[in-house]
Enquirer: 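One structure is given below, represented as structure tokens, and several questions about it will come after.
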Amino acid sequence: MKPTNDFATRLLAWFDVSGRHDLPWQHPRTPYRVWLSEIMLQQTQVKTAAPYFERFVAALPTLRDLAAAPLDDVLALWSGLGYYARARNLHAAAKLCMEQHGGELPRDVEALKALPGVGRSTAAAIASQAWNDRHAILDGNVKRVMCRYHGVESFPGLPAIEKQLWELVDAYVADPALPDARMADYTQAQMDLGATLCTRSDPACVLCPLQSDCVALRDGRVQYLPRPRISKKTPQKYAHVLWAEDPQGRILMQRRPPTGIWASLWTLPQADDEPLARDWFQTHLSGEFAHAVPLPAIDHAFSHYRLRITPLHWRGMQLRGRIGDNDALRWVARDELDLLGIPAPIRKLLLTRPDA
DNA sequence: AATTCGGGGTT
DNA sequence: AACCCAGAATT
């Protein structure tokens, strides 16, 4: 626990030679693009987020554009990326910046943390990368590096351990040998070290600039640190979805409620079991429920439960009465699907073409 | 302090 | 199958 060595100096020297200098959000590196990238990269790998980032900034190049866009457009750009609260928070934060910060991101970590979707680490990442301000991050990469470098033998997600890790990174970032002008590089260097060298499995310790005083390497503990969280098995849940097409081949889509899983996204009408699916059908549609064509079940895994989705398909359906022309239930043509935020497994299902 | 939010990739 | 990943908000 001696943050008085040349941690930052060695890390920056390594970064200059071996860091990542061509990530999409680095050219140009504007506050808006840094912010967007940090939100997209929460619990998401660079390789996954990169194409979404390119598409997003092409459609909404500035914070002003984002604030002015309909939420449905933002969710459509996020569709398939997961953790959709990030998209809703991003949109709300953009509007807040328009009203309270003159259309710009605030250059202040406390104001950044007050934005929805921005916590302590993300605020520090934005401030350091956008303006070279002196703030320490503590993301998954830094936690892994710190646990190994200091030989932390407890799961880093525990509040007490996390507090200890924050104290460590705060001490390192206060090193006078770390120049103000290099704070953006320092933050990027830590993430690059964790993502490309000090990886979860099979880290390249032989190439590491910190190998001379890494506790885990010294003690042969690298492959055991950081310790994993205590696992518990995830429950199995079930859902029946109703895929109804009208005579024009349009699909009946329903907007999910603003809270819970897939909040505010568009999906097929869904029920917990088949009797409830029948009830929904008979309330909303005219036709014969028993004429449903069952399609193969889809197994989808979330982080905290597994979901088996059983689709039922009908053609030539129409709604009862006048229900349907509203913001939560409507017929959608196939070529309009790209304009909606749709969960990945439902989008994948709709792209298959059920047989006659 | 524990749970809730996705989806893709790795092992 | 289990686990992880540039975490934050909610309860």
Side-chain angles (χ1 to χ4, degrees), chain A residues 19-20 23-26 34-53 75 78-90 92-93 112-126 128-129 136-145 155-163 165-166 169 184 187-196 198-203 223 226-237 256-265 267 298-307 341-348:
Chain A
R20 295 176 294 186
L23 297 169
W25 37 89
Q26 295 175 327
V34 167
W35 169 47
L36 175 61
S37 73
E38 288 302 327
I39 302 301
M40 280 194 172
L41 288 164
Q42 288 170 359
Q43 302 298 101
T44 308
Q45 295 187 348
V46 167
K47 187 177 179 181
T48 301
Y52 285 87
F53 177 86
L75 289 172
W78 212 270
S79 183
L81 196 52
Y83 279 132
Y84 298 94
R86 295 184 295 175
R88 289 187 288 107
N89 286 334
L90 191 78
L112 288 169
K113 276 174 61 179
L115 299 175
V118 178
R120 181 174 176 182
S121 188
T122 298
I126 295 169
S128 60
Q129 300 215 72
I137 64 165
L138 185 62
D139 64 356
N141 288 311
V142 180
K143 283 180 181 173
R144 187 167 54 254
V145 170
F155 170 59
L158 292 175
I161 304 302
E162 198 159 299
K163 181 171 181 288
L165 295 174
W166 272 114
V169 294
T187 292
Q188 187 64 48
Q190 292 178 85
M191 298 190 287
D192 288 0
L193 187 75
T196 69
C198 193
T199 49
R200 184 66 186 86
S201 62
D202 197 22
Q223 65 173 312
R227 294 248 312 253
R229 75 163 61 246
I230 322 116
S231 66
K232 51 191 169 193
K233 48 185 163 188
T234 57
Q236 175 75 52
K237 297 187 178 184
R256 293 188 58 85
T259 59
I261 198 77
W262 295 335
S264 299
L265 270 66
T267 64
I298 302 164
D299 287 309
H300 187 70
F302 296 95
S303 53
H304 49 307
Y305 64 90
R306 288 174 298 184
L307 184 65
I342 300 173
I346 301 299
R347 183 179 294 280
K348 187 177 176 184

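Reckoned from all heavy atoms, side chains included, excluding hydrogens, waters and symmetry mates. The sequence lines fix the lettering, A, B, ..., with proteins before strands; numbering per chain opens at 1.
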Enquirer: Taking only side-chain N and O atoms of A/S201, does any of them lie within less than 4.0 angstrom of OP1 or OP2 on B/dT11?
Expert: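 Answer is yes, contact under 4.0 Å.
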Enquirer: Write down the distance separating the P atoms in B/dT3 and C/dC3, rounded off to the nearest Å.
Expert: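 Between the two P atoms, the distance is 15 Å.
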Enquirer: Between the side chain of A/T187 and the main-chain N/O of A/A125, is any donor-acceptor distance below 3.5 Å?
Expert: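 No: the side chain of A/T187 does not pair with the backbone of A/A125.
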Enquirer: Using whole Å, what does the distance between atom P of nucleotide C/dA8 and atom CZ of A/R88 come to?
Expert: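 A/R88 atom CZ is separated from C/dA8 atom P by 16 Å.
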Enquirer: Would the number of heavy atoms belonging to other residues, nucleotides or ligands and lying under 6.0 Å from CG of A/D299 be above 12?
Expert: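 Enclosed: over 12 neighbouring heavy atoms sit under 6.0 Å from CG of A/D299.
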Enquirer: Classify the nucleic acid contact of A/E162 as base, sugar-phosphate or nothing, counting any heavy atom under 4.0 Å across all strands shown.
Expert: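 Nothing, no nucleic acid heavy atom in range.
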Enquirer: A/P343 side chain: which of B/dG7, C/dA6, C/dA8 is closest?
Expert: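 Given the options B/dG7, C/dA6, C/dA8, the side chain of A/P343 is closest to B/dG7.
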Enquirer: Nearest whole angstrom, please: distance from the P of B/dG6 to the CG of A/L265.
Expert: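 Nearest whole value for this atom pair: 8 Å.
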Enquirer: So what does A/K232 hit on the nucleic acid, given a heavy-atom distance under 4.0 Å: a base, only sugar-phosphate, or nothing?
Expert: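 It contacts sugar-phosphate atoms only.
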Enquirer: Looking only at the side chain of A/W262 (C-beta and beyond, no hydrogens), which of the listed nucleotides C/dA6, B/dG6, B/dT11 gets closest?
Expert: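 The listed nucleotide nearest to A/W262's side chain is B/dG6.
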Enquirer: Tell me if a side-chain donor or acceptor on A/T48 pairs with a main-chain N or O of A/V46 at a distance below 3.5 Å.
Expert: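 Such a contact is absent between A/T48 side chain and A/V46 backbone.
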Enquirer: When rounded to the nearest 0.5 angstrom, what is the spacing between CD1 in A/I261 and NZ in A/K237?
Expert: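 Output value for this atom pair is 8.5 Å.
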Enquirer: Taking only the side-chain nitrogens and oxygens of A/S231, find out if one of them lies under 4.0 Å from OP1 or OP2 of C/dC3.
Expert: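 Looking at the OP1 and OP2 atoms of C/dC3, one of them is under 4.0 Å from a side-chain N or O of A/S231.
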Enquirer: Tell me if a side-chain donor or acceptor on A/R347 pairs with a main-chain N or O of A/G80 at a distance below 3.5 Å.
Expert: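 No; zero donor-acceptor contacts below 3.5 Å.
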Enquirer: Less than 4.0 angstrom between a side-chain N/O of A/K47 and OP1 or OP2 of C/dC5, yes or no?
Expert: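 Answer is no, no contact under 4.0 Å.
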Enquirer: Students often get this wrong, so: under 4.0 angstrom with heavy atoms, is A/L158 touching a base, only sugar-phosphate, or nothing?
Expert: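 No contact.
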Enquirer: Output yes when a side-chain donor or acceptor of A/R144 lies under 3.5 Å from a complementary backbone atom of A/P226, and no otherwise.
Expert: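 Checked: no pair found.
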Enquirer: In Å, rounded to the nearest 0.5 Å, how long is the span from CG of A/L193 to CG of A/N141?
Expert: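 Output value for this atom pair is 8.5 Å.
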Enquirer: State which of C/dA6, C/dA8, B/dG7 makes the closest approach to the side chain of A/A344.
Expert: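 The listed nucleotide nearest to A/A344's side chain is B/dG7.
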Enquirer: Check every atom of B/dC5, C/dA6, B/dG9 against the side chain of A/I261 and return the nucleotide holding the closest atom.
Expert: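 Among the listed nucleotides, the one closest to the side chain of A/I261 is B/dC5.
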Enquirer: Using 0.5 Å steps for rounding, measure from the CG atom of A/L36 to the CG atom of A/L41.
Expert: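 Atom-to-atom, A/L36:CG and A/L41:CG are 9.0 Å apart.
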Enquirer: For DNA chain B, whose closest nucleotide is more 5', that of A/Y83 or that of A/R229?
Expert: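 Result of the comparison: A/R229.
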Enquirer: Taking the nucleotide of DNA chain B with the closest heavy atom to each, which residue, A/G80 or A/D202, is nearer the 5' end?
Expert: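 Nearest nucleotide further toward 5': that of A/G80.
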Enquirer: Once you round it to whole Å, what is the distance between P of B/dG7 and CG of A/L307?
Expert: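 Computing the A/L307:CG to B/dG7:P distance gives 11 Å.
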Enquirer: Quick one, A/Y52 with A/M40, criterion side-chain contact (heavy atoms from CB on, under 4.5 Å). Give me CA distance, side-chain angles, the key distance, then yes/no.
Expert: CA-CA 8 Å; A/Y52 285 87; A/M40 280 194 172; 4.0 Å; yes
Enquirer: Can you tell me how far P in B/dT11 sits from the matching atom in C/dA6, rounded to whole Å?
Expert: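 One P to the other, the span is 13 Å.
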Enquirer: Go through C/dC5, B/dG9, B/dC5 for me and flag the one nearest to the A/Q43 side chain.
Expert: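 The answer is C/dC5, which lies nearest to the side chain.
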Enquirer: Heavy-atom nearest nucleotide on DNA chain C for A/G140 versus A/P228: which residue maps closer to 5'?
Expert: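 Mapping each residue to its closest nucleotide by heavy atoms, the 5'-most match is A/P228.
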Enquirer: Using a heavy-atom cut-off of 4.0 Å across all strands, would you classify A/R347 as base, sugar-phosphate, or nothing?
Expert: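 No contact.
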Enquirer: So A/W25, base contact, sugar-phosphate only, or nothing? Heavy-atom distance under 4.0 Å.
Expert: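 Answer is base: heavy atoms of A/W25 come under 4.0 Å of a base.
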Enquirer: Looking for any heavy atom pair under 4.0 Å, which part of the strands does A/G260 touch: base, sugar-phosphate only, or nothing?
Expert: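 It contacts sugar-phosphate atoms only.
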Enquirer: Heavy-atom contacts under 4.0 Å between residues 299-306 of chain A and DNA chain B, which residues?
Expert: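 Output list: A/H300, A/F302, A/S303, A/H304.
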Enquirer: May I have the distance from A/L41 (atom CG) to B/dG9 (atom P), rounded to whole angstrom?
Expert: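 Spelled out: CG on A/L41 to P on B/dG9 is 15 Å.
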Enquirer: In terms of side-chain heavy atoms, does A/T196 have a donor or acceptor partner in A/R20 at a distance below 3.5 Å?
Expert: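 No, no side-chain donor-acceptor pair sits under 3.5 Å.
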Enquirer: Round to the nearest Å and state the distance from A/L90 atom CG to C/dG7 atom P.
Expert: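 Interatomic distance, CG of A/L90 to P of C/dG7: 16 Å.
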Enquirer: Are any protein N/O atoms closer than 3.5 Å to N/O atoms in nucleotides 9-11 of chain C? If there are, list each pair with its distance.
Expert:
residue: C/dA9; atom: OP1; partner: A/G117; partner atom: N; Å: 2.7

Enquirer: Out of B/dG6, B/dG7, C/dA6, which has the shortest distance to the side chain of A/T44?
Expert: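 Of the options given, the side chain of A/T44 lies nearest B/dG6.
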Enquirer: Taking atom C1' of B/dT3 as reference, at what distance in whole Å does atom NZ of A/K233 sit?
Expert: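 A/K233 atom NZ is separated from B/dT3 atom C1' by 19 Å.
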Enquirer: Do you know the tightest heavy-atom contact between A/P156 and A/I161?
Expert: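 Looks like CA-CG2, 3.8 Å.
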Enquirer: Does A/R200 make a side-chain N or O approach to OP1 or OP2 of B/dG9 shorter than 4.0 Å?
Expert: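 A/R200 to B/dG9 OP1/OP2: no side-chain N or O under 4.0 Å.
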Enquirer: Expressed as a whole number of Å, how far does the P atom of C/dT11 sit from that of B/dG6?
Expert: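 Between the two P atoms, the distance is 15 Å.
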Enquirer: In terms of side-chain heavy atoms of A/P345, which of B/dG7, C/dA8, C/dC4 is nearest?
Expert: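 Comparing B/dG7, C/dA8, C/dC4 against the side chain of A/P345, the answer is B/dG7.
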Enquirer: Can you see if the side chain of A/T122 gets near the phosphate of C/dA8 - specifically, an N or O under 4.0 Å from OP1 or OP2?
Expert: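 Answer yes for this pair, as a side-chain N or O of A/T122 is under 4.0 Å from OP1 or OP2.
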Enquirer: How far apart are the closest heavy atoms of A/Y84 and A/I342, and which atoms are they?
Expert: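 Looking at all heavy atoms of both residues, the shortest contact is OH-O, 4.2 Å.
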